[in-house]
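Predicted model only: the values in this text are computed from it and were never measured. We name chains A, B, ... by the order of the sequence lines, and we start the count at 1 in each one. Just so you know, these numbers use all the heavy atoms, side chains as well, and skip hydrogens, waters and symmetry mates.
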Amino acid sequence: MPDLADQKRFDPAEAEPRIMASWVDSGLFHAPAQGSAVDNYSIAIPPPNITGALHMGHALNGSIQDVLIRYKRMSGIPTEWILGTDHAGIATQAKVEERLVEEGSSREAIGRDAFVERVWQWREQFGGTIIEQFGRLGASCDYERERFTLDDDYERAVRQVFCDLYEDGCIYRDQYLVNWDPGSQSAISDLEVEEREVTDTLFEIAYPLADGSGEIVVATVRPETMLGDSAVAVNPADQRYSELIGKRVKLPLTERELEIIADDYVKPDFGSGALKITPAHDPNDFEIGRRHGLEELTVIGEDGRMTELAGRFAGLKAAEAQQQVVAALREQGLLRGEQPYLHSVPFSHRSGERIEPLISLQWFMNMEQLAPPAIEAVNDGRVSIHPPSQAKRYTDWLEQIRPWCISRQLWWGHRLPVWYRGDETWVGMEEPQGTGWVREEDVLDTWFSSALWPFATLGWPDKTAELQAFYPTNVLSTARDILFLWVARMVMMGLRFTGDVPFSDVYVHPVIQAPDGRRMSKSLGTGIDPLTEIDEHGADAVRFGLLAMASTQDVRYSRERVEQGQALATKLFNASRFVLLNVSGEVALEPAVGEGSPIEDRWIVSRLQQVAEQTAQQIEQFEFSKAAFGLYDFVYGELCDWYLELVKGREFDAALSATACYVLRSTLAIAHPFIPFVTEELWASVPGAEGLLIGAPYPIAQPSLVDREAEQRIADLIGAVTAVRSWRSGANVKPGAQLGARIDSAALAADAPLVARLARLDLGAFGGELTDTIVVAGGAIEITAGDAIDVDAQQRERTQRRAALEQEIARAEGKLGNQSFVAKAPPELVAGEQQKLDRLREQLAALSG
RNA sequence: GGGCGGUUAGCUCAGCUGGUUAGAGCACCUGCUUUACACGCAGGGGGUCGCCGGUUCGAAUCCGGCACCGCCCACCA
């Protein structure tokens with residue numbers, strides 16, 4: 001490391017790569033697979049997509065996990081942060097397809113095998129980017145055990161799970177209405193759908209009764225789907241239509257007749273109170289259709305064009321068909337109204353395209369057997385979710401869980417271990433014997449494989465040493481949005497296949513929003529790149545800033561917090577310089593504190609115990625923001641502002657050197673999980689520090705070093721020095737001026753020289769006319785300032801001060817004059833108020849005297 | 001439509017098992033080359049704690065209502 005004497009600031013750009021390399025070389029990122037889960041501490045990283053780039057959410061979550069891992073590692077527990085990436089079916093396939101199109105080719109043109117090969121190549125080239133970016137943060141993941149959700153071993157685990165669940169009867173194939181994403185040309189699950197507000201046109205269409213006795217009007221935003229209608233429904237209690245139930249209508253533009261049926265789903269007060277039923281193209285209609293055994297007529301195909309069943313509209317795109325249908329209806333005089341209509345419509349989360357509900361043959365997973373144990377695990381505390389409000393969301397969702405559509409019409413992913421031959425279906429680990437078997441084309445939803453992450457990464461289904469050592473993992477830290485998508489499914493799969501929960505704590509971290517309160521997103525242009533922030537402020541600063549932002553609620557990104565972190569790093573750097581440039585000779589390893597030690601030494605050592613204790617507790621309780629601020633306050637407010645200042649008058653003898661180095665080492669160690677780089681760098685220079693800080697023990701608070709008396713005395717000293725400084729400022733005294741003074745206070749007697757030095761008082765020069773008296777703990781400080789003060793300023797200050805005191809006294813008197821308060825409030829509170837009043841009166845008297 | 005969370009200094013946020021004069025960082029004002037640090041030091045100004053009621057000796061904190069903002073869930077054509 002560079003010479004401390006020449007450098008005033010920590011240089012992250014120079015130091016971070018060097019320090020990261022030394023950590024990697026130490027081997028401490030990699031825990032040997034020994035013992036069982038109770039002997040080790042492990043966290044499975046939420047695997048980033050191979051298409052991903054490090055965003056603020058990763059940076060936050062990485063910082064959180066690294067604090068936990070580093071803290072535990074330093075606490076002497078072998079730690080394993082399981083690292084890896086997700087193959088991310090839709091995203092990755094889309095990315096590679098884009099490239100092919102740029103080359104003038106396409107997925108279809110090169111065929112499945114060649115395409116998959118291309119994706120693997122792409123992954124080779126770019127898939128590791130995000131892992132390198134995690135490294136920039138200083139994340140102490142196990143880079144030697146990097147996993148990928150499509151590795152051979154992982155693939156085997158997926159197949160095993162699929163086959164077992166199939167045998168259980170949980171996995172089945174069915175003709176069902178699914179969310180068809182025209183963008184990815186695949187079905188997607190309900191969780192991958194998002195609602196967006198859209199203005200459509202609501203058309204009212206008259207369906208003539210078959211017997212010619214009248215008509216019934218229905219409303220729809222998708223008139224083209226009427227070609228697939230198989231009934232008209234009304235509410236059974238609706239008087240207007242009770243006569244018509246069971247009658248038939250002529251479906252316009254076709255030769256078909258539909259029955260008028262009764263179903264409770266229909267809201268009489270909405271529109272005309274009559275609803276056209278199109279089971280193949282609307283989720284509600286699908287349900288109603290199944291209830292009434294209606295025909296499911298698919299008139300829009302997977303390609304988004306009208307099918308043969310659409311008659312003369314066949315082959316048209318749905319939007320074109322809509323125009324032509326409306327035109328035809330208008331011509332026939334059956335269009336009764338059209339108006340703009342704002343409503344929410346499903347869109348694909350991935351491709352952003354509007355979902356087309358379609359009936360298709362898909363694979364589903366019934367969750368009814370898996371959900372109850374996962375609810376139970378949270379209810380009985382085997383898994384605890386922080387903050388607890390998230391636990392309710394989790395259980396609520398699981399309690400009304402619905403079948404999960406697990407097949408995707410993609411090429412990149414885990415191909416289902418299913419083979420067909422004629423009417424036969426084979427599900428198994430290997431291809432069936434015999435000829436003529438054709439493998440299922442579809443792959444599994446990416447979340448199916450992600451759900452196995454905590455154990456599939458460790459070698460399951462084999463009983464590996466890794467699985468034995470690191471499963472169940474300890475903590476899963478994640479964003480709220482994948483609580484259902486991922487966390488709940490991991491719990492279900494973990495319980496089903498390992499018999500144990502996958503982790504004991506789930507920490508749901510807040511969302512970092514853009515500074516303007518919007519979501520950080522690439523498409524909105526609101527994203528802030530963590531790597532740019534690291535370049536500018538250093539990884540320590542970014543980590544500190546993010547952790548400080550991560551309290552309990554969603555929060556806007558605040559660059560000031562990052563700058564605060566940078567300031568902390570600089571401050572620690574300089575505080576260390578001060579100590580290191582002063583200590584000399586052999587330095588003892590233990591702090592030299594005892595009865596006769598200087599009070600400031602006893603004090604800082606005592607304070608240190610409490611910061612150590614508090615920080616450890618806050619980390620354990622996932623209170624990262626409190627811990628970060630607590631560290632900052634200690635370093636600034638106690639170590640630098642007071643201890644180092646108090647020490648400046650002393651010679652750095654053996655005792656002071658030992659204590660100062662002890663304090664420094666402890667502070668660096670306590671802060672290391674938060675700001676690992678600068679602390680590691682400094683550690684290398686502190687006498688008594690051995691090896692790398694990353695592997696050093698985390699300080700444990702020693703009750704024997706807590707010193708109440710020292711804390712009280714220094715608190716009094718700080719109060720007195722602050723009071724004098726404030727007085728000096730009010731009296732316009734030159735900062736450098738030494739004022740004659742006498743300290744008349746039993747509480748400060750022993751520490752008078754310290755007070756005098758920090759407050760620039762000259763105890764030997766007391767004499768002449770008394771200028772003022774400043775009330776302090778245990779007494780007062782009398783000042784004889786001569787002509788060093790600005791009398792007018794002092795008078796103004798005294799007047800203001802007196803007014804403030806009088807106001808305070810009035811308040812206290814009012815409170816104590818209130819009989820109810822005296823009678824009902826706790827006695828100690830009343831006594832406290834009385835003491836306060838006495839003190840205030842004393843101050844006022846001193847001011848007036 | 002239902003649920004959850006938020007609304008505190010100019011800005012970003014703490015505080016909320018009710019009880020000193022409501023805090024921090026940044027910004028702002030005044031002063032300072034004080035034996036590490038101007039990414040610094042010292043001192044200071046700034047808030048009727050979203051609004052209206054209620055409970056209480058006492059409410060930023062508890063209860064009810066309202067208004068905005070955000071998120072999640074949900075099948076209204």
Side-chain angles (χ1 to χ4, degrees), chain A residues 4-5 8-10 195 202-204 218-222 233 265-267 269-278 282-288 341 343-344 387 389-390 392-393 396-397 400 480-481 483-484 511 513 515 517-519 537 541 545 548-549 551-561 563-564 566-582 625-626 629 632-633 637 640-641 644-645 648-649 721-722 725-730 732 734-736 758 760 804 807-808 811-812 815 818-826 828-830 832-833 835-836 840:
Chain A
L4 277 177
K8 289 186 176 182
R9 286 178 219 160
F10 177 63
E195 302 282 322
L202 183 64
F203 297 94
E204 285 175 33
V218 298
T220 180
V221 294
R222 311 258 345 243
Y265 169 77
V266 184
K267 305 260 185 303
D269 52 356
F270 191 94
S272 65
L275 177 62
K276 73 192 247 326
I277 303 298
T278 320
D282 180 279
N284 301 315
D285 294 5
F286 180 78
E287 297 287 330
I288 295 169
Y341 183 66
H343 64 149
S344 53
S389 57
Q390 299 304 320
K392 191 176 162 338
R393 282 184 63 220
D396 283 356
W397 183 74
Q400 42 177 35
R480 205 169 32 223
D481 54 352
L483 194 62
F484 309 144
V511 174
Q513 302 161 334
R518 289 188 293 170
R519 219 183 162 72
H537 305 281
M549 283 176 237
S551 53
T552 51
Q553 61 165 327
D554 291 356
V555 69
R556 297 174 185 209
Y557 185 77
S558 153
R559 189 160 275 134
E560 287 75 28
R561 287 283 102 86
E563 284 164 1
Q564 196 178 348
Q566 194 176 352
L568 176 62
T570 306
K571 194 72 174 170
L572 258 184
F573 190 81
N574 282 295
S576 303
R577 278 180 68 214
F578 175 73
V579 172
L580 298 175
L581 296 175
N582 276 293
S625 160
K626 282 184 185 170
F629 282 120
Y632 180 93
D633 288 344
C640 293
D641 288 351
L644 295 183
E645 293 303 321
K648 274 182 183 170
V721 170
T722 306
R725 282 174 176 168
S726 181
W727 180 89
R728 292 174 62 111
S729 177
N732 263 351
K734 284 207 167 55
L758 292 184
R760 305 248 165 124
Q807 204 182 334
E808 272 309 301
R811 187 196 304 258
K815 223 170 175 180
N818 181 343
Q819 286 310 311
S820 318
F821 173 72
V822 177
K824 295 186 182 177
E828 64 272 20
L829 209 71
V830 178
E833 197 65 28
Q835 275 171 20
K836 188 179 97 186
L840 291 167

Would you classify [X] as touching base, sugar-phosphate or nothing, given that sugar-phosphate means primed atoms plus P, OP1 and OP2, and contacts are heavy atoms under 4.0 Å?
X      : result
A/R760 : base
A/V266 : base
A/S625 : nothing
A/R559 : nothing
A/E563 : nothing
A/P735 : sugar-phosphate
A/D282 : nothing
A/P826 : base

Of A/D396 and A/Q400, the one whose closest RNA chain B nucleotide lies more 5':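 Result: A/D396.
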
Most 5' of A/Q566 and A/K824 on RNA chain B, judged by nearest nucleotide: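 Mapping each residue to its closest nucleotide by heavy atoms, the 5'-most match is A/Q566.
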
N/O (side chain, [X]) to phosphate O (OP1/OP2, [N]) under 4.0 Å:
X      : N     : result
A/S726 : B/G44 : yes
A/K836 : B/U21 : yes
A/H343 : B/A77 : yes
A/R393 : B/C72 : no
A/R561 : B/U12 : no
A/Y341 : B/A77 : yes
A/K267 : B/C76 : no

Among [options], which nucleotide sits nearest the side chain of [X]?
X      : options             : result
A/S551 : B/C13, B/C71, B/C41 : B/C13
A/N818 : B/C76, B/C57, B/A36 : B/C57
A/R556 : B/C76, B/U12, B/G19 : B/U12
A/S729 : B/G43, B/A36, B/G19 : B/G43

Quick check on A/E195: does its CD atom have over 12 non-hydrogen neighbours (other residues, nucleotides or ligands) under 6.0 Å away?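 Yes, the 6.0 Å shell around CD holds more than 12 heavy atoms from other groups.
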
Please report the distance separating the [atom1] of [N] from the corresponding atom of [M], rounded so that it comes out in whole Å.
N     : M     : atom1 : value
B/C63 : B/U55 : P     : 16 Å
B/C13 : B/U8  : P     : 9 Å
B/C76 : B/C62 : P     : 34 Å

Under the criterion side-chain contact (heavy atoms from CB on, under 4.5 Å), I'd like the reasoning laid out for A/V555 against A/Q513: C-alpha separation, chi angles, the key distance, then a yes or no. CA-CA 6 Å; A/V555 69; A/Q513 302 161 334; over 6 Å; no

hbond_proxy [X] side chain to [N] base (donor-acceptor, 3.5 Å cutoff):
X      : N     : answer
A/K571 : B/C37 : yes
A/R725 : B/G43 : no
A/K648 : B/A36 : yes

What distance separates A/R577 CZ from A/L572 CG, expressed to the nearest 0.5 Å?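 Interatomic distance, A/R577 CZ to A/L572 CG, rounded to 0.5 Å: 13.5 Å.
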
Considering every strand shown, what is the Watson-Crick or G-U wobble mate of [N] when both distances are under 3.5 Å?
N     : value
B/U21 : none
B/C66 : B/G50
B/G1  : B/C73
B/A60 : none
B/C41 : B/G31

What is the distance, rounded to the nearest whole Å, between atom [atom1] of [X] and atom [atom2] of [N]?
X      : N     : atom1 : atom2 : result
A/E195 : B/G70 : CD    : C1'   : 18 Å
A/Q564 : B/G23 : CD    : P     : 18 Å
A/N574 : B/C41 : CG    : P     : 10 Å
A/E808 : B/U20 : CD    : P     : 12 Å

Can you find a pair of side-chain heavy atoms, one from A/R728 and one from A/K734, that are under 4.5 Å apart?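 Contact flag for A/R728/A/K734 side chains = no.
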
Test of understanding: with ring-ring contact (aromatic ring centres under 6.0 Å, His included), list the residues that count as partners of A/Y265, not counting sequence neighbours.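 ring-ring contact (aromatic ring centres under 6.0 Å, His included) list for A/Y265, sorted by chain: empty.
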
Under the 6.0 Å and 45° cation-pi test, does A/K571 pair with A/Y632?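 The answer is no, since A/K571 fails at least one limit relative to A/Y632.
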
For A/T220 and A/K276, work out which heavy atoms get closest and say how close.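 Nearest pair, atom of A/T220 first, then A/K276: CB-CD, 3.8 Å.
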
